[in-house]
Protein chains: 2
Amino acid sequence: MSCEGDTAEELRHTGRRFTVQRLKVAAALRHCGGHRTAEEIHDLLAAQDPHASMPLSTVYRTLATLKEARLVAEVDNGGPAAYEWVAEQPHHHLICQRCEADLDLDPRLLADLAGRIEAETGFEAYLDHLAIQGRCAHCRDHGA
Amino acid sequence: MSCEGDTAEELRHTGRRFTVQRLKVAAALRHCGGHRTAEEIHDLLAAQDPHASMPLSTVYRTLATLKEARLVAEVDNGGPAAYEWVAEQPHHHLICQRCEADLDLDPRLLADLAGRIEAETGFEAYLDHLAIQGRCAHCRDHGA
DNA sequence: GTTCATGCAAAGCGTTTGCACGCAT
DNA sequence: ATGCGTGCAAACGCTTTGCATGAAC
């Protein structure tokens, strides 16, 4: 799949400019496909291409732009903010408050929720990347 | 209802000490009953009792303690962390990514979700204070 | 008496911002 | 040619931490 075409078009479509930096950040997120912090993306890009380094501030600004264009989503869990490419397939995260494990959740369990919320409140819920706090099976058994 | 007794007992029960500061923070959160940031709690306490002021660092440490004891929950949404008393009644938040409005959600829509998640994954989901990102009805109609 | 929590101040970290330059349009 | 995006560096806000004092056990 061509990241280039999609990203460029999506950006220009919303009146934003298409730059090398935006392409690189988008490609990095799209390729590695989990949550990544701004610093992780920065380091990843630096490792890929040591010659053309990008300052962290640009990564932050780029991520903000991509988020506004709804190409990436931001996930906040206490630590540094994480970003992920908005995938075609919705997926959710079960985050253990004790060991900080990040488990996957079958999206079918939430399939109809967005519709019900919208019907009741008019709120358009972005349920393609939900983070649910709790305690994983392992930590429930052992420890407090 | 007596905040004092419950809070004291719950703390001591988990091997923690009961102090005036912990009581005050717990009472403040319990009384005003929404999300409050550490700074809001600090200011609130200062306003209530100008003589006995508490440094912000103590508020943070106290909130961390109360969170560990599962008396309060932390909510992260990009800005400063917010804390709220773990209520008997579950309630959820619909947060508009554009205007940052915070709407309430009927908890019945999520009533059976925790059970289904636990049955499938063994993960104990804390679904009494879920934050769902999205776009409110007003921002969907007007603006981008 | 021992251990843990507090107050104070200072540092830490993640993130944002101002400004001059350069590139996409 | 115009205006938005970038790089650089500095600042910002939220949060944490070290250490000595004081309170809870």
Side-chain angles (χ1 to χ4, degrees), chain A residues 4-5 7-26 28 35-46 49-69 71-72 74-83 100, chain B residues 4-5 7-28 35-46 49-69 71-72 74-83 100 144:
Chain A
E4 218 153 319
T7 305
E9 175 146 355
E10 200 63 41
L11 282 173
R12 275 196 273 260
H13 199 259
T14 54
R16 297 169 223 279
R17 292 186 178 172
F18 172 69
T19 68
V20 194
Q21 291 83 352
R22 289 175 182 183
L23 171 63
K24 281 186 179 175
V25 170
H35 335 115
R36 307 289 157 180
T37 67
E39 192 166 13
E40 283 169 350
I41 295 167
H42 172 259
D43 293 350
L44 197 68
L45 294 177
D49 187 351
H51 299 290
S53 176
M54 194 185 336
L56 209 40
S57 56
T58 296
V59 177
Y60 277 109
R61 279 193 277 223
T62 301
L63 287 169
T65 303
L66 295 174
K67 183 188 167 190
E68 281 170 26
L71 288 170
V72 307
E74 184 181 343
V75 186
D76 287 310
N77 292 314
Y83 300 84
E100 296 184 343
Chain B
E4 218 153 321
T7 305
E9 175 146 354
E10 199 64 41
L11 282 173
R12 275 196 273 258
H13 198 259
T14 54
R16 298 168 223 279
R17 291 184 180 174
F18 172 69
T19 67
V20 195
Q21 291 84 353
R22 291 175 180 181
L23 171 63
K24 280 186 180 175
V25 170
H35 335 114
R36 308 290 159 180
T37 67
E39 192 166 14
E40 283 169 350
I41 295 167
H42 172 258
D43 294 350
L44 196 69
L45 293 177
D49 188 350
H51 299 290
S53 174
M54 195 184 338
L56 209 40
S57 57
T58 297
V59 177
Y60 277 108
R61 277 194 278 223
T62 302
L63 287 168
T65 303
L66 294 174
K67 183 188 167 191
E68 280 170 25
L71 289 170
V72 308
E74 184 180 343
V75 186
D76 287 311
N77 293 314
Y83 300 84
E100 297 186 341

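Throughout, a chain's letter reflects where its sequence line sits, starting with A, and its residues are numbered from 1. Model, not experiment: these values are computed from the prediction.
Of the listed nucleotides (D:dG7, D:dC25, C:dT15), C:dT15 has the atom at the smallest distance from the side chain of A:P80. For B:R61, taking side-chain heavy atoms from C-beta onward, the closest of the listed nucleotides D:dA24, C:dG7, C:dT15 is C:dG7. Checked against D:dC25, D:dG7, D:dC14, the side chain of A:P55 finds its nearest nucleotide in D:dG7. Closest to the side chain of B:F18, out of D:dC4, C:dG14, D:dC25, is D:dC25.
For B:H42 and C:dC8, the NE2 to C1' distance is 12 Å, given to the nearest whole Å. If you take CG of A:D76 and C1' of D:dG13, they are 15 Å apart, rounded to a whole angstrom.
Counting non-hydrogen atoms under 4.0 angstrom, A:R22 reaches the backbone sugars and phosphates but no base. Within 4.0 Å (heavy atoms only), B:A38 reaches no atom of the nucleic acid at all. Residue-level contact check: B:S57 touches the bases, meaning some heavy atom is under 4.0 Å from a base atom.
The shortest distance between the side-chain N/O atoms of A:Y60 and the OP1/OP2 oxygens of C:dT16 is not below 4.0 Å. Between A:R12 and C:dT25, a side-chain N or O to OP1/OP2 separation shorter than 4.0 Å is present. Dashed line: the shortest gap from a side-chain N or O of B:Q21 to OP1 or OP2 of C:dG7 is under 4.0 Å. Between C:dT6 and B:T58, no contact under 4.0 Å exists linking OP1 or OP2 to a side-chain N or O.
Each of B:G79 and A:V20 has a nearest nucleotide on DNA chain D; the 5'-most of these lies closest to A:V20. Each of B:L56 and B:T19 was matched to the nucleotide of DNA chain D holding its nearest heavy atom; the match closer to the 5' end belongs to B:L56.
One side chain, B:T14 or B:R16, offers a donor N or O that lies under 3.5 Å from an acceptor on the other.
Side chain of A:H42 to backbone of A:M54: a donor-acceptor contact under 3.5 angstrom is found. The main-chain N or O of A:T7 is never found under 3.5 Å from a side-chain atom of A:R22 such that the two would form a donor-acceptor pair.
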